[in-house]
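For reference, the structure discussed in these notes is given below.
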Amino acid sequence: MRRLVKILLRTIILFFILINVVLAFHAYKFTHYYDAIGVTEKNPAEKTKWELTKDIVLGINAYKNPNKNVADTSFEEVQLFTKDKIQLKGWYIKTNAAPKGTVLLFHGHHSNRSGVLYEAEMFRQLGYNTMLIDFRAHGNSDGNTCTIGYREAEDVKLAYDFIKAKDEKNIILWGISMGAAAITKAVSDYQLTPSKIILEMPFGTLVEAAEGKLRMMHLPPEPASTLLIFWGGVENGFWAFNMKPAEFAKKITSPVLLQFGKNDLRVTRNEINDIYNNITAPKKLVVYENSGHESLCEKENSKWRSEVNSFLQ
């Protein structure tokens, strides 16, 4: 009996070590992007059994998505530099009419500024200048490490300071998914005071963000999500459990429009409720009945335009 107990304990310990090794690899791949130059990505159907096994054990390489589309009007190329000398690239686009203000747009995880061009055009139609940037490790910006909104908060501040230096008095922050989460941290860390904030489908905590990713992969969220966040933080030099947009929301003093797709499989309604309940500034929650974790502006344009226009008045 004693021998069986020892074997069982050793098996459990070995399994625990193995799971942590696998998740540490996946955490690294989840937070690091590789340059796509000269790389041809294969679809799962094109991969050999060995390649599929390697993906399961070591994770899948994620490649940066360079901007393939450019702004559909004249724009100013913007370059910003983080405190670690990472170069961020962006577009500053003026509206043809007398501007009502400037909207800063922040994209989601594994996207880029091209991914929010549609929203930017809608804001310009409403009479606002726009600024779109690629977060670090995304699009055409430098860097290969993404911290899912934690250090990207500095990117938000740099864009905010760039527009503020133009003597803009009416600055609106708009963000989707990771971009929305980064906004909450930037406001909390740097005491930013934009005129208004629009948050679309931000996650409540980084652990919950990992749970959402695992749900999309049809995998049990725990304990894998907690271990993923632990290893992701260790590998990137920060305590990832402190990435809590729901908590950061308590420090927001600007009016907030919080938007959410009812069919969102990555962000839960409970996360949205936690964020909404923690906002003490004037606020409004809008739920889009026919949308998921996607561009609400594209999926339900008439409703989005009406709600955003009303909020900005």
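All values reported here derive from a predicted model rather than from experimental measurement.
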Gln191 side chain vs Val187 backbone, donor-acceptor pair below 3.5 Å: no

Pair Asn236-Thr31, side-chain donor/acceptor within less than 3.5 Å: yes

Pair Thr268-Glu271, side-chain donor/acceptor within less than 3.5 Å: yes

Lys NZ or Arg CZ of Lys157 over Tyr190 ring: under 6.0 Å, within 45°: yes

Test item: Tyr118 and Asn301 side chains (from C-beta on) under 4.5 Å apart, heavy atoms: yes

Leu117 side chain reached by Glu121 side chain, heavy atoms, under 4.5 Å: no

Heavy-atom pair of closest approach, residues Glu154 and Lys83: OE2-N, 2.7 Å

Polar contact flag, side-chain donor to acceptor under 3.5 angstrom, Thr147-Glu152: yes

Side chain proximity check, Phe25 to Trp231, heavy atoms < 4.5 angstrom: no

Ile172 side chain reached by Thr102 side chain, heavy atoms, under 4.5 Å: no

His138 and Phe135 aromatic ring geometry - parallel, tilted or perpendicular at 30°/60° bounds: perpendicular

Qualifying residue for side chain to side chain contact (heavy atoms under 4.5 Å, CB included) with Phe15, from Ile12, Ile19, Ile17: Ile19

Contact summary for Asp155 and Phe106, nearest pair of heavy atoms: O-CE2, 4.5 Å

Parallel, tilted or perpendicular: ring planes of Phe30 versus His109, cut at 30 and 60 degrees: tilted

Identified side-chain hydrogen bond (donor to acceptor under 3.5 Å, both in side chains) partner of Tyr288 from the options Lys303, Gln259, Lys262: Gln259

Flag side-chain contact, heavy atom, 4.5 Å: Leu199 against Leu257: no

Ser310 and Glu307 side chains, donor-acceptor separation under 3.5 Å: no

Ile198 reachable from Leu126 in the ILVMFWY side-chain graph, under 4.5 Å edges: yes

Geometric class of the Trp174/Phe123 ring pair [parallel <30°, tilted 30-60°, perpendicular >60°]: perpendicular

Heavy-atom donor-acceptor pair, Asn129 side chain to Thr95 backbone, under 3.5 Å: yes

Side-chain (Glu298) to main-chain (Ser295) donor-acceptor, under 3.5 angstrom: no

Between Glu300 and Ser291: side-chain donor-acceptor atoms closer than 3.5 Å: yes

Joint cluster assignment, Leu192 & Leu258, ILVMFWY side-chain distance < 4.5 Å: yes

Distance-only polar pair, side chains of Arg136 and Ser141, donor-acceptor under 3.5 Å: no

Transitive ILVMFWY side-chain link Phe241 to Val234, under 4.5 Å: yes

Residue pair Ile272 / Pro202, side-chain heavy-atom distance below 4.5 Å: yes

Lys NZ or Arg CZ of Lys196 over Phe311 ring: under 6.0 Å, within 45°: yes

Lys283 NZ/CZ over Tyr276 ring centroid, <6.0 Å and within 45° of normal: yes

Within one Ile-Leu-Val-Met-Phe-Trp-Tyr cluster: Leu296 and Val287, side-chain cutoff 4.5 Å: no

Heavy-atom side-chain contact between Ile133 and Val78 under 4.5 Å: no

Single-linkage hydrophobic cluster, 4.5 Å side-chain cutoff, Ile183 and Leu105 together: no

Verdict with reasoning, Ile93 to Leu132, per side-chain contact (heavy atoms from CB on, under 4.5 Å): CA-CA 8 Å; Ile93 312 169; Leu132 304 73; 3.8 Å; yes

Test side-chain contact (heavy atoms from CB on, under 4.5 Å) applied to Leu88 and Phe81, step by step: CA-CA 6 Å; Leu88 309 178; Phe81 290 89; over 6 Å; no

Atom NZ of Lys164: over 12 foreign heavy atoms under 6.0 Å: no

Distance-minimising heavy-atom pair for Gly143 and Lys64: O-NZ, 3.2 Å

Min side-chain heavy-atom separation Arg113-Asn67 under 4.5 Å: yes

Check against side-chain contact (heavy atoms from CB on, under 4.5 Å), Phe248 and Ile275: CA-CA 9 Å; Phe248 303 148; Ile275 292 172; over 6 Å; no

Check: Ser177/Glu200 side-chain N/O donor and acceptor closer than 3.5 Å: no

Between Lys29 and Asn61: side-chain donor-acceptor atoms closer than 3.5 Å: yes

Result of checking Lys244, Lys251, Lys250 against Glu247 for side-chain hydrogen bond (donor to acceptor under 3.5 Å, both in side chains): Lys250

Polar side-chain atom of Ser111 near backbone of His107 as donor-acceptor pair, under 3.5 Å: no

Ring-face cation contact, Tyr150 with Lys185, 6.0 Å cut, 45° max: yes

Pair Asp134, Asn112: side-chain N/O donor-acceptor within cut-off below 3.5 Å: no

